[in-house]
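Atoms within each ligand, like the ligands themselves, are counted from 1 in listed order. Values reported hereafter were calculated over all heavy atoms of this structure, with side chains retained and with hydrogens, waters and symmetry mates removed.
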Amino acid sequence: MVDVCHYDVVQNDKYGRYLVSNKDLDGGEIIFTDTPYAVGPKPDTPPLCLGCYCPVENTLCSRCGWPMCSKECELNPLHVLECEVFVVAKARYQPLDDSTASSPQLDCITPLRVLLAKEKDPERWQKELEPMETHTEERQKRPTWDADQVNIVDYLIDHCKLGGRFTKELVQRVCGILEVNAVEIPSRGGFSIRAVYPRLAIAAHSCVPNIVHTILQNDYTVQVRAAVPIKSGDALHLCYTYALSPTLARREYLQESKFFNCECPRCVDPTELGTHLGTLKCSKCDNGVIISSSPLDNDAQWNCTDKNCGFKTSGVAMRKMLAVMQAELDQLDAIDPGPQAIEQREAFVNKYKSVFHPRHSYLLSVKYTLAQLYGRVEGYTLDDLPDLMLERKVEFCRLVLKTLEVITPGESRMRGMMFYELHAPLMYLARNEFSAGLIDKDKLKERLQEPIQCLADAARILMREDPNSPEGITGQVAYQSLEQLKASLEAL
Ligand SMILES: [Zn+2]
Ligand SMILES: [Zn+2]
Ligand SMILES: [Zn+2]
Ligand SMILES: [Zn+2]
């Protein structure tokens with residue numbers, strides 16, 4: 001692969017080190033690729049194979065006795081190094097009774113891999129990991145510090161007898177580097193693991209990112225692209241949080257896991273740039289909505305926008321309510337895809353439509369999932385859906401796209417997926433109207449232009465993803481559907 005490098009590293013007080021583009025970039029253009037310094041399990045993970053990261057129950061490495069799915073995975077070069085450490089120290093893995101519970105013993109694996117990589121190539125460590133932020137002072141105040149000290153630092157140095165090779169301070173430092181800089185990535189099998197990318201880690205965060213990243217599954221290389229056109233000299237911003245989360249939740253997550261207070265344009269604006277992802281409807285008046293009086297202060301009061309109404313509520317009450325809502329959403333996510341998954345989500349939307357703005361984060365997340373479920377589950381396939389429900393799918397797709405245009409503009413995966421979802425009901429509705437004699441051939445051709453554009457956008461965005469990932473597969477399907485639709489249009 002050609003080593004593209006369209007960025008410079010610069011520094012200021014606000015971000016520390018960060019990346020700026022060094023040329024004018026088009027949306028979708030590759031800015032750089034990066035290989036992981038280390039890949040491995042994320043903290044609190046259930047038992048997984050240390051070769052391929054698939055979940056395992058009771059299969060273990062024949063040499064060291066740590067979780068492993070097959071002989072083939074035992075030969076994974078990353079595992080061979082740590083295998084040796086465990087064998088020499090006779091450090092055995094204690095299998096859990098419940099293979100879905102998290103296994104704190106696995107917390108030491110990724111730090112150990114970083115340490116072994118450092119030992120092997122000290123120069124690369126010096127250049128790439130040494131300058132990384134660790135936020136040691138803040139981390140020391142947290143309960144995870146003591147847990148890391150026992151499960152990782154003491155375990156590796158005392159139990160695995162690595163005291164002659166590494167110091168305890170260094171191991172804690174590696175824990176900090178991983179906590180602050182590692183990103184969650186999907187494994188080849190689609191399970192969640194983590195990796196630290198030296199160059200990607202330098203990109204600053206914004207809740208309105210202008211770059212996107214794609215993980216390639218064969219070696220976990222990351223490709224970083226411009227999401228939108230970027231001018232030479234502009235800072236490159238990645239989004240470290242879930243894009244559809246409301247400001248309160250995003251800022252709490254960023255403070256908790258990345259140790260900074262986001263003050264990006266979206267966080268500063270009480271309407272989140274007009275998307276209303278955090279906005280509530282007012283129950284005391286007809287015209288007002290409830291927004292934060294000071295979005296950068298998590299404890300600030302929330303007020304009705306109608307001056308005559310005067311309704312207010314505390315930031316604490318708002319955070320409590322969001323936590324309750326999040327728990328309800330988690331329950332919805334636990335339902336297997338099927339008619340129930342649709343019906344319970346529709347019930348959720350109905351229950352909260354008078355409480356939240358129609359594009360509030362929680363309603364929108366549910367609508368995002370509904371947009372994907374309609375047309376896909378038993379009893380709700382595209383052929384089953386009456387026009388009214390096809391229109392509902394269209395409505396949800398458009399609503400989500402309207403928000404995504406603002407918060408993850410350009411070539412983002414989520415937009416690609418929504419364009420793909422939108423094409424189908426538009427196509428079915430047009431065809432149904434044509435079959436019913438409501439529109440003529442010319443009108444049909446005109447109506448099919450939008451689904452064609454949707455498929456073209458979906459294919460362009462999603463075919464950049466790994467061909468074996470769900471998004472990459474959708475990209476290829478979109479491309480084939482596009483060719484078919486174009487052909488059938490010509491034949492009309
Ligand atoms: Zn495996
Ligand atoms: Zn082993
Ligand atoms: Zn922000
Ligand atoms: Zn009001």
Angle subtended at the Zn ion (ligand 4) by SG of C304 and SG of C282, nearest 10°:
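Once rounded, the angle between the two atoms at the Zn ion (ligand 4) is 110°.
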
When the aromatic ring centroids of Y7 and F32 are compared, is their separation below 6.0 Å?
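They qualify: ring centres under 6.0 Å apart.
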
Could you tell me if the ring centre of H205 sits under 6.0 Å from that of F260?
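Here the rings of F260 and H205 have centres that are less than 6.0 Å from each other.
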
Please work out the angle at the Zn ion (ligand 1) defined by atom SG of C73 on one side and atom SG of C49 on the other, rounded to 10°.
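Taking the Zn ion (ligand 1) as the apex, the two atoms subtend 110°.
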
Please determine, by modelled atom types, if Y374 and E346 share a side-chain donor-acceptor pair under 3.5 angstrom.
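Result is yes, a qualifying pair exists.
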
Can you tell me the N, O or S atom of H79 that's nearest the Zn ion (ligand 2)?
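Answer by atom name: NE2.
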
Can K168 and D158 be counted as an ion pair, charged N to O under 4.0 angstrom?
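Yes, charged N to carboxylate O under 4.0 Å.
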
